[in-house]
Each structure stands twice: as C-alpha cells, then as structure tokens.
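First the structure, in the form of structure tokens, and then the observations on it.
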Amino acid sequence: MTSDRIREALSRYVDGEMSSSEVDEVEQILESSGEARRYLRRLQMLRAELREDGSEYAPNLVTPVMATIRRLERRPGRRVGLAAIFAAGVVAGAVFIGFAVRYPGPIAAADIPDEVVAAQGRVNTLTARVDIVERGWHPEVPDRTFTGSIQYLAPESIAIEIRDNTGYPSPDWRPNHSTVVVDDDLSWSRAVAGCPTEAQPECTPSAPRETLIVNREPFPESVPAPLDLIVPVAGFTRASEPVSLGVAEIDGHEAVGVSVTAAQVAALLDGLTGVGNWRDIHPTDRVELWLDESALVPLAVTVYPADTADRSLWAVRHGYDDSPGTPILEVLWSEVAVNSGASLSMPAPPAGMTAVDGGFGDGMRVDLGSLDLESVSDEMTPHRSGILVSGEGPEVSVTSWSDGRAWVQIRWTGEWRGSHLFGDLGALVREVPLDSGVGYLNERGDRVGVHGDEIDLVVRGSLPTEALVEIAGSLGVLGDSVPPSWAEAAAATLDTARTRFPRLLVPHGLRGFGSPAIRVTSDVVTLSYAGAGNRAFLLTLATPAGLSPPLEAKVRGVVVRGVEGRYSPDRGLLEWVEGDLTVSLLSTTLSIAEMIVIAESLGAP
Amino acid sequence: VYEPDPELIRAAGAGDRLAFEELVRAYQAHVWRFLRHLLGDPALAEDITQETFVRVYRKLDTFRFRSKFSTWVFQVARNAGIDALRSRRRRERLAPLVEPQIMDPARENELRIELEAALQSLSPKLREAFVMIEALGLSYQEAARAIGIPEGTVKSRVHNAREQLVVWMDAGEGVTNDL
C-alpha cells in the first residue's frame, strides 16, 4: 500500500467501515509500522476530543421548542392523566413516562430547593403505588418491570414492598422482590443479594438476605429510614436552582419537574433500589424528577445515562449497553395520598428471622443535666429518647424531636475519651460561632459537634444547617475549642487559611455548594465543599509543585487553566501544577466538565 | 443514535405534542453537537437547533420511513445549519468588522478551542461530513443520506478532513508526517 492509501485505510478502520480481510491487512500494517500506529493514535485523539466535547452543556431546548410550536399553532395545551401516560408509554415502546407540560410553573425553579426543605414538616402520612421499569440490567434481561407500594407514618416508620414482575429466561434467575420496613424501634428487610452483572445469574443466592434490628435508636446513621423517598430533603438541601421541566398533571396531581443529577438525589434513588439486586446508576446520570406541586412528594423519576466518554467507559466496565437517549430507570407513583387520615400499620417481620440488638434502651430515663431543650420543644414534638450502650464505648444519651418528616436528634455523653470530636464529624470540619462558645460543623453541614466541660454532644437532623447551629447554640453548653492535639484543631476559616497559605485559591461563582470545611497544615491546605445529596468535591493545594506518578493506568492528559494536567476517571482526580503549587480536585460525583469549570474559576479569596 | 418507535413518529406527525416532545428530548443534544461543530458558535447552534425542531415538526407528516428517522432529522439540521452559514456569510460581507466570538472560558479548555478553530478552518463540505461521522457516530451510509451525496464522497471527505486536522495536530507539536 502507498502511504496515502494506508492513511485512507486507517480512516475507514477507525470508522469500522471495512471488511474483515481489510481489517486484517490494516492490522498487519499497524504491527509493523510505527508511523501507522502514530497516525492511528492521532485519529483516535481527534475522536476522543470530539466525542467528549462538552455535550453535558447541550442546552435543554424542549421548553422553547414546544413554546414556539404552541405559538405557531395558537392552540391551548392539554393535560393527560395516568391512563394516557401509560398509553403513550405503550405507543412509544421505549418511553414509559411522558407528560403534557405547561410553562411556567407556579413555583419558580429557584425556590424549589427551599420549598422542598420546608415541605418536610407538612407530611405526616403517605401511601402510594409505584411502577418501575429498569433497563440494561443484564443483556439477557434487558428490561425488568416492578410494582410496589409505599406506606409512611411520620416521622420514620416506612414500608416499601416491591414485587418483580419480569419474565426471566429460566428459574436460575432470582426475581428481585424486596421489602424494607422501619417501624420505630424495629427495622427489617428481605431481598435478594446484589451481584455484578457479569456474574448473573449464578452468583445470586437462592435464599433472600434478611436483616432484623430490634432496639433501634431513633434516626440511626447506619440503616437509616429512606425518608428522601417521602420528601427528597437531602437532595435539595444546599441545592442551587435546578433546571426546570415545567409543570404537568400526573395521576390527578399538579406536578413540578426538575432536572438534576443522580448524585444529587442519590438518597431518593437508594430508597427504591438500595436493597436488592438492581443495576448501578452513575452519579452524573441525568434525573428528571417530578414532585407534587404542594406536598413536594415524588410522583415520577426518569434516569437517563450521562452522555460523556467517562460514563461510557464506566458502562463498559459494568457490562451495560446504555444509550444516552434511553432511560435506564423509570418510576411512576400513583394513587398517592398525603395526610389522608388513614390508619397505617407497618408489616411485622416474618417469623424465624434472627434479630440484631441495636443497643438502644428506648424510654430509659435520660439525665438532661444542664441541657436546656426548651427552644427545640417550642418548634417540634418530642419523639423518642433513651440510652445507647454499645460495647466498650461510652454511654450515650439520645433524644429526638420531629415535625412531620422533619427530625432532629441530640446525642451527648459525659464519658468522651476520644482524641477527636464526639459524633463522627470527620477530620474536615468548620468552626462556627454559637450563642455560647464555638461548635464544629461537619463537611455536609448536617451535624454540629460541641465540645464542652464534662459534656460532648452532637446535633443532627434534616433541618437546614443554620437551624441545627441555632439549636446547638441554644442548649446551654459553652462550646470550647478542641484541644490542639485533636485532628479538628487544624480546621481553619478562609481568613486564617489565607494568612497561613498566601497562595490560597478558592472557586468563584460556585452555586449549589455550602461554605467549605478547611484544613491547613504547613504545606497543604484542603477545602471540602459539599453540595446537595452526594455532590461534593475536595480542593487541595500543596507545595512543592510536582505530580507524583499516577497510581492507575487509566489517566489521561487534560488542559486545565492553560497548563497540561491529568485526570483519573476511576478516582475522579484532576491534578495539575500551577506555579509553585500542586493543585488537585477530587470528586466521585461531579463530571470532568464540571470539575474543569470549577478549576477555571479558581482565584484568590 | 436512538431510533424511535414508528408509532411515536406517527403520533407526533398527527399532532401529538407529547410524542413530539419525546422526539425533541431524544435528539436535541445530538443536533446541538452537530450544529455547534458545523457553525463553530454554541449560541447560534442553540438557535438553529430550535429552528431545526420547528422544521421537523412542520415536515413530520412528510416523513415516509424510507430512511432512519435520525438520518432524516440530521438532514433537516444540516439544511438549517447550511442556511445559517449562508446567512452569516452575507452578514460578514456587509459588515467586515464582525464582533469577535466570545467563548466561555469556564467551558472551553485550550485544546478544545484550538480544535474548534481547526474545524472551522475546514471547508463546510468537509466539516459537515467529518462531524457527522466523528462526533455523531453515523455510518458512511447514514451520513451520505443525510447530506445527499454518494457514500464514497463521504469517505473521501472524512479522510481529507482528517488529513488536514492531523497536520494541524502535528504542527502544534513540531512533528512531521512520514507515513
């Protein structure tokens, strides 16, 4: 072959437009010719650049297009009920959920996060049916369908029963039935175990996995009740203005729609698919979420795969053949009744389950000591109180309040001997002034730790950060600074961080994230930013400048802030050298495009 | 690229806006990507993407299922894009001092800006064929139908586009092509 013919052949080779004999011929040339390999790499680089070209910025034009069409036709919009929605789904084949959408909605998109957080206090009971379609779980079972029910009784009793209606190829495949029940101080679940796609169906044990916990503390950190399934508070606390999808009518309910990422509403999705054998969803996948306009309870969820190269690689590694335009999960709520007044009772666990003791003595007399709980009691209703005794640890008193789905828990002990803050706040904390002394906020801003004289306490809850800080400051405990030997002593404010690290860089124009938790040592400053749901990133600035060899093979070069950097999709780590600094951004829930935007915005505080 | 159920297309053609909305949702990102590369201007691409779907809506009842629906949509997008290019050329002839294009610095890294510039240096004929194959992943046959040219012409245009872009890449790194 002449050089020109080889290049022309390589062009068709990357496009997959040649016969098998031609492929063999080209691959022989590639084996023997370094120049041919180099030319092929060039073509592959071009493809990589063009296929990952900021498609995540592709604008959502459904609204303006449909508005234009309406204007052209000068015809009023129409509404559809559930029957029509299902009929549309049947007609479309690949589209389960579809709504007639009107614009604009009565709630401004910018107000939806605050509205959702506020709505949690208004939901006392909920019952609903759910219909679920999951796609791409396994090549031999591309579509699975489920029906289920949800019962909720505030503040944390909930029962989710899901039945798998899929027709499987053989009895070797285990139906993905699941039941999750939380009934105050008892919780139980029964579901098949999750297994990787490539190991199906053999790896799924024939017997379902069962768990039963008795003497459960209120609002525990492990095995929490999936309350975002009722009102998605975690998904909208700290959220920026979501992309609006307009309003629609779903099964007789006025609904507002927003487009968010799967990371943002992970708690909601986990509420349905956290137990059992479900396919994985990538954190950057796009979720269209429809909420009841008044109660802000979910009515429909559709998850679309993100259209990025990293997402495609992730799918290949998981054995999924996803297509960006085709939903991988569709959930439609129906027969939704909020605060109906119906008497609800949670299903009892099946006989024969082995119970695990959660160690909580419900109703045991709690010694309040000098704690002043008056301000909490003014706003919320006392829920459960008691003593938590766990093995060698200190005796911990627990008290809790609720208001509908909203909750607050205070835990305290007089026996804390740890070398870090009581309450598992993590090493990255933010010091906050309290009415009396100081407290410490964890990265996500959903717990406040106070280190006092002979008492250590933590305030947790579903309320906004400011409300938790206010409660912590109202308890009558003077918050001391942590001892210098504790990890949290390296916590810094932006001002102190800038003083100790003059080259400090911070993101500008950042929306949808809280103030950072900052840690400063002699040559490293770390800033942790938490957003809505699981959205978060860690910014690290270190001296001296220099990148250590990467830990994994899948690292690619990227241009960031005008210099060559590198990105590891497996770790979600973007690194580059800038002057005398090594800078890194770490996130497993943001896309590389979002991280580049954050990197480009860095500047002096 | 996603191919919708024919019943969905028929429903949209019969005036079912719900069905049409699903089609817009399915194709808007693909059409925008194609037009962004063809026009070299994200904002203009957004306008022309909207124009494309309005044209698709008006012409939907003429779609005869003789080609893939995606190919037909790209054909409409391509025609709308070519119209926009012609219109822009007319404006440029009338106003030599065109405002510089403002790129969003937060969204464009240097390599992508350079690649976009290199793409814009290609002739529109090479560019549209190349973008359909490379960015949208169409086959030569699908691109040929969308543009309305023989398959062999698509193949040669894509190859010629790549030759020019590889020269551009090599020039950036001081490499000579000895193949």
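Of the atoms belonging to B:Q50, heavy atoms from both backbone and side chain fall under 4.5 Å from chain A. When heavy atoms are compared at a cutoff of 4.5 Å, B:S139 approaches chain A by way of both its backbone and its side chain. Within the 4.5 angstrom heavy-atom criterion, only side-chain atoms of A:E288, from C-beta onward, approach chain B. At a 4.5 Å heavy-atom cutoff, the contact between B:L119 and chain A is made by side-chain atoms alone.
The stretch residues 143-153 of chain B participates, sequence neighbours left out, in no side chain to side chain donor-acceptor pair (under 3.5 Å) pair at all.
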Salt bridge (Lys or Arg N to Asp or Glu O under 4.0 Å) between A:E31 and A:R37, intermediate numbers included: CA-CA 8 Å; A:E31 274 182 27; A:R37 288 196 296 274; over 6 Å; no
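Checked against ring pair (Phe, Tyr, Trp, His ring centres under 6.0 Å), B:Y140 has no partners two or more places apart in sequence or in another chain.
A:R286 forms a cation-pi arrangement with A:Y304, by the criterion of a distance under 6.0 Å to the ring centre and an angle within 45° of the ring axis.
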